[in-house]
Amino acid sequence: MVRDVLKSFPLFADLDDEELTDIEKIVMTKKFSKDEIILYQFDPGDSLYMIAGGRVKVVLFSKDGKEVLLSTLGTSDFFGEMSLLDGMPRSASVVALEDSELIVLKRRDFLDLIRNHPEIALKILTELSRRLREADRKIGSLILMDVYGRVARLLLDLAEKEGKKINGEIVIEKRLKHKDIASMVGASRETVSRVLRDFAQSGFITVDNKRIIIHQSGTDIENKI
Ligand code: CMP
């Protein structure tokens with residue numbers, strides 16, 4: 001039921017049943033297949049999207065078809081808030097990484113909702129601060145670090161965000177291909193493969209088809225390279 005999904009979103013955690021029922025009446029559910037483009041950079045923004053299931057990537061495409069991966073978002077995350085808040089066109093494109101189910105809220109309803117529930121606005125601001133911090137870290141590492149440092153930083157960020165600690169090692173489910181890592185750190189796919197191979201040969205990590213394991217020796221990888 002849509003209401004149960006809404007209830008599970010941190011954004012709506014403070015709302016009571018009646019308020020959730022009101023929101024249920026004004027949202028739509030939309031399904032997107034893997035690789036389908038959900039919204040395009042530069043288009044006008046008319047809706048907020050919340051992920052009920054699946055994963056998406058936030059990307060910039062260059063004129064010659066190159067892709068820069070800004071972030072990936074999963075269940076309970078939201079996107080599309082920026083153009084609703086500032087009235088500017090979409091800042092990036094968003095593409096489904098897997099078959100995904102999204103809950104869509106129209107601009108006017110979104111603005112009414114945050115006017116009536118300042119705690120939702122606060123949660124959005126908190127998430128925007130988190131994304132800005134992540135962007136700041138990325139800008140810093142793109143300018144200040146070489147490609148080894150950038151890949152190391154990305155692995156440690158992934159470990160912090162979605163890694164599981166098992167016997168002092170950190171296991172990251174490998175959802176990103178080398179190509180995706182390359183577009184996140186601003187390097188070629190070949191360079192990323194070489195860096196990961198070098199990290200593996202130094203004993204910092206083990207990479208298999210499904211996972212990246214950061215060994216104890218790799219948890220302060222940045223200081224060792
Ligand atoms: P909007 O600009 O409306 O459309 C694209 C959306 O992508 C944007 O709102 C944000 O929700 C999301 N987005 C843009 N940049 C980032 C980023 N650096 N990290 C995470 N999400 C982002």
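In listed order, ligands and their atoms are each counted from 1.
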Next on the checklist: Val58 versus ligand 1: do any nitrogen or oxygen atoms come within less than 3.5 Å of each other?
Outcome noted: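 No, since none of the N or O atoms of Val58 sits under 3.5 Å from an N or O of ligand 1.
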Distance to 0.1 Å, residue and atom name: give those for the protein heavy atom nearest to [atom].
| atom | answer |
| --- | --- |
| atom 4 (O) of ligand 1 | Arg90 CD, 3.2 Å |
| atom 3 (O) of ligand 1 | Ser83 OG, 2.4 Å |
| atom 18 (N) of ligand 1 | Leu70 CB, 4.0 Å |
| atom 5 (C) of ligand 1 | Ala92 O, 3.6 Å |

- Can you figure out which of Pro44, Ser71, Ser93, Ser91 has its heavy atom closest to atom 8 (C) of ligand 1?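 When every heavy atom of Pro44, Ser71, Ser93, Ser91 is considered, Ser91 comes closest to atom 8 (C) of ligand 1.
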Discussion item. Under 4.0 Å, heavy-atom basis, I'd like to know which part of Glu134 is in contact with ligand 1: side chain, backbone, both or neither.
Written reply: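 No part of Glu134 is near ligand 1 at this cut-off.
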Between [X] and [Y], does any side-chain N to carboxylate O distance fall below 4.0 Å?
| X | Y | answer |
| --- | --- | --- |
| Asp157 | Lys138 | no |
| Glu127 | Arg131 | yes |
| Asp208 | Arg211 | yes |

Which of the numbered atoms in ligand 1 are under 4.0 angstrom from any heavy atom belonging to Phe79?
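Counting from 1, the qualifying ligand atoms are 11 (O).
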Quick one about Arg150 and Ser141 (side-chain donor to acceptor, distance below 3.5 Å, no hydrogens or angles considered), yes or no?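 Distance-only check fails for Ser141 and Arg150.
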Donor-acceptor pair, side chain of Glu169 and main chain of Ile166, under 3.5 angstrom |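 Checking the backbone N and O of Ile166 against the side chain of Glu169, no donor-acceptor pair under 3.5 Å is found.
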Open item on the list: Tell me whether Gly80 reaches ligand 1 (any heavy atom closer than 4.0 angstrom to a ligand atom).
Closed with: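 Gly80 counts as a contact of ligand 1 under the 4.0 Å cut-off.
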Q. With Phe110, which of Ile114, Leu113, Asp112 fulfils side chain to side chain contact (heavy atoms under 4.5 Å, CB included)?
A.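 The residue from Ile114, Leu113, Asp112 that satisfies side chain to side chain contact (heavy atoms under 4.5 Å, CB included) with Phe110 turns out to be Ile114.
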Using the rule given for side chain to side chain contact (heavy atoms under 4.5 Å, CB included), can you reason through Arg3 versus Thr21, listing the C-alpha separation, both sets of side-chain angles and the distance that settles it, and then say yes or no? CA-CA 7 Å; Arg3 212 176 61 106; Thr21 308; 3.5 Å; yes
